[in-house]
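Down below is the structure, laid out as structure tokens.
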There are 2 protein chains.
Amino acid sequence: MPTPILSREEVLMRIVETFRQHGYEGSSLALLSQATGLGRSSLYHYFPKGKEDMANAALEWVLVCFDGLVLSPLRQTSQSPLERLQACANGLAEFYADGARSCLIDIFSIGCAARLFQTRLGECTKTMIRIFSEIAQEGGVSVEEARRRGEDVVIGIQGVLVVSRTIGSNAPFLRFLKEFPEQLLRAE
Amino acid sequence: MPTPILSREEVLMRIVETFRQHGYEGSSLALLSQATGLGRSSLYHYFPKGKEDMANAALEWVLVCFDGLVLSPLRQTSQSPLERLQACANGLAEFYADGARSCLIDIFSIGCAARLFQTRLGECTKTMIRIFSEIAQEGGVSVEEARRRGEDVVIGIQGVLVVSRTIGSNAPFLRFLKEFPEQLLRAE
DNA sequence: GTCTATAGCTAGATAGAC
DNA sequence: GTCTATCTAGCTATAGAC
């Protein structure tokens with residue numbers, strides 16, 4: 001069969017999807033090979049250290065995507081904090097496919113992947129909390145309260161993904177997206 | 001060596017702990033054997049269908065524990081809704097070891113365990129939402145709003161466990177426990 | 001860069017002695 | 001009930017031809 005030419009980004013997207021669905025330990029090389037259409041050897045060509053390399057690249061790539069879709073709208077200082085948060089909500093909807101996708105930060109915090117990635121995962125979570133806190137502060141919320149609300153938003157994102165996944169419905173996810181911008185900025 | 005006599009409950013607790021830490025696919029029979037002190041053959045004696053049997057028993061057992069520690073305080077109709085929720089918060093602290101333990105409902109919703117358990121996991125999540133909603137209604141919250149807040153509590157529990165786990169701190173978990181009873185019952 | 005082949009290991013599961 | 005031994009299958013990873 002003719003090898004379909006996949007860009008590195010397309011390969012990474014499919015690897016990410018596999019890890020999201022099956023977790024680190026559940027993503028065998030056979031699955032990753034099938035998902036990317038690349039043979040085992042090709043995978044080792046792109047990722048010499050094997051599965052750990054793929055997971056690392058997947059995590060870094062997904063963080064780039066997350067930044068582009070979810071965080072960069074928050075930096076559009078030409079818009080109001082509420083407008084930026086609504087754009088961010090749209091980014092979240094796309095990034096998580098309306099709640100159908102899991103978060104790799106959650107997935108990689110389980111099992112032996114946790115030991116490999118825990119430092120990075122902690123950094124990411126703390127960064128997300130900080131960024132949402134800063135938006136709340138821009139919206140006039142006091143420093144301490146903004147810090148709590150930023151944490152609450154990240155808690156909400158992770159929690160609503162788990163709930164939506166377990167009940168097999170995106171309704172909680174969609175409700176969360178609709179409500180969190182005003183929750184973050186509400187008067188104290 | 002003399003075989004330590006473990007009750008079925010103690011065995012189950014250790015199996016649960018293993019699944020919580022390593023996930024379904026990451027929990028090899030070797031790990032489960034080591035965690036329980038039982039040889040492979042003994043494990044198959046107690047759980048004839050192997051790993052799937054163990055995971056099933058672990059899930060059912062953990063639900064019994066959760067009911068005893070977290071949900072049963074909510075049924076103490078001699079107390080006010082707020083008092084019951086504070087007792088429930090204490091139960092959550094014990095059940096999740098102040099946020100250090102993961103939730104098996106989250107863990108089993110990933111990978112091939114998801115296919116095995118998704119119906120049960122959905123039931124559990126929906127039941128939890130319903131129970132917290134009912135407490136909110138008892139506290140005077142309207143039906144629709146109580147439904148939303150019950151969902152928010154379950155979202156909060158799952159989310160704060162993920163956040164606490166990834167940043168390696170129980171501070172978010174402890175704050176959540178302190179705040180959620182009044183959040184659930186607050187005036188509309 | 002992709003292929004086949006295979007090493008070397010560990011997985012889950014089973015058999016039969018005691 | 002627990003033990004040792006073992007099966008088959010799948011795993012990650014590597015080697016070498018093309």
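Protein chains get the first letters and strands the later ones, always in sequence-line order, with residue 1 at the start of each.
- D:dT2 atom C1' lies 11 Å from atom CG of B:L43, rounded to whole Å.
- Distance, B:E52 CD to C:dA13 P: 8 Å, rounded to whole Å.
- Across all strands, B:Y44 comes closer than 4.0 Å to base atoms (heavy-atom distances).
- Rounded to whole Å, atom C1' of C:dC3 lies 14 Å from atom OH of A:Y46.
- Residue contacts shown for A:S27 are limited to sugar-phosphate atoms, with no base heavy atom under 4.0 Å away.
- One can place CG of B:L38 at 8 Å from P of D:dC3, the figure rounded to the nearest angstrom.
- For B:H45, whose side chain is taken as the heavy atoms from C-beta onward, the closest listed nucleotide among D:dT12, D:dT2, C:dG1 is D:dT2.
- Which of D:dC11, C:dG12, C:dA11 sits closest to the side chain of A:S28 comes down to D:dC11.
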If you look only at distance, which donor and acceptor atoms sit under 3.5 Å apart when one is on a side chain in residues 106-131 of chain A and the other is two or more places apart or in another chain?
from, atom 1, to, atom 2, distance (Å)
A:D106, OD1, B:R165, NH2, 2.7
A:D106, OD2, A:R165, NH2, 3.4
A:S109, OG, A:D106, O, 2.6
A:S109, OG, B:R165, NE, 2.9
A:S109, OG, B:R165, NH2, 3.2
A:R120, NE, A:E60, OE2, 2.8
A:R120, NH1, A:E123, OE1, 2.9
A:R120, NH2, A:E60, OE1, 3.1
A:T125, OG1, A:L121, O, 3.2
A:T125, OG1, B:T166, OG1, 3.0
A:T127, OG1, A:E123, O, 2.8
A:R130, NH1, A:E134, OE2, 3.1

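- The A:R40 side chain lies nearest to D:dA13 when the options are D:dA13, C:dG1, D:dT2.
- A salt bridge does not link B:R147 with B:E144: none of the charged nitrogens is closer than 4.0 Å to a carboxylate oxygen.
- Salt bridge B:R148/B:E145: present, at least one basic N to carboxylate O contact under 4.0 Å.
- Atom OH of residue A:Y46 and atom CG of residue A:D53 lie 14.5 Å apart, to the nearest 0.5 angstrom.
- Of the listed residues (A:E188, A:Q183, A:E182), just one forms a side chain to side chain donor-acceptor pair (under 3.5 Å) with A:R186, and that residue is A:Q183.
- The environment of CD in B:E179 is crowded: more than 12 heavy-atom neighbours from other residues, nucleotides or ligands sit within 6.0 Å.
- Listed candidates were D:dT2, D:dT12, C:dA13. Nearest to the side chain of B:K51 is C:dA13.
- At the phosphate of D:dG1, neither OP1 nor OP2 sits under 4.0 Å from any side-chain N or O atom of B:S42.
- The separation between A:L29 atom CG and D:dT12 atom P is 4 Å, rounded to whole Å.
- With a 4.5 Å cut-off on side-chain heavy atoms, A:F19 and A:L32 count as touching.
- Summarising the geometry, the separation between CZ on A:F47 and P on C:dG1 is reported as 13 Å, rounded to the nearest angstrom.
- The separation between A:E25 atom CD and C:dG12 atom C1' is 16 Å, rounded to whole Å.
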Might you list the N or O atoms of the protein lying below 3.5 Å from N or O atoms in nucleotides 15-18 of chain C, with each pair's distance?
from, atom 1, to, atom 2, distance (Å)
C:dA15, N6, B:S41, OG, 3.4

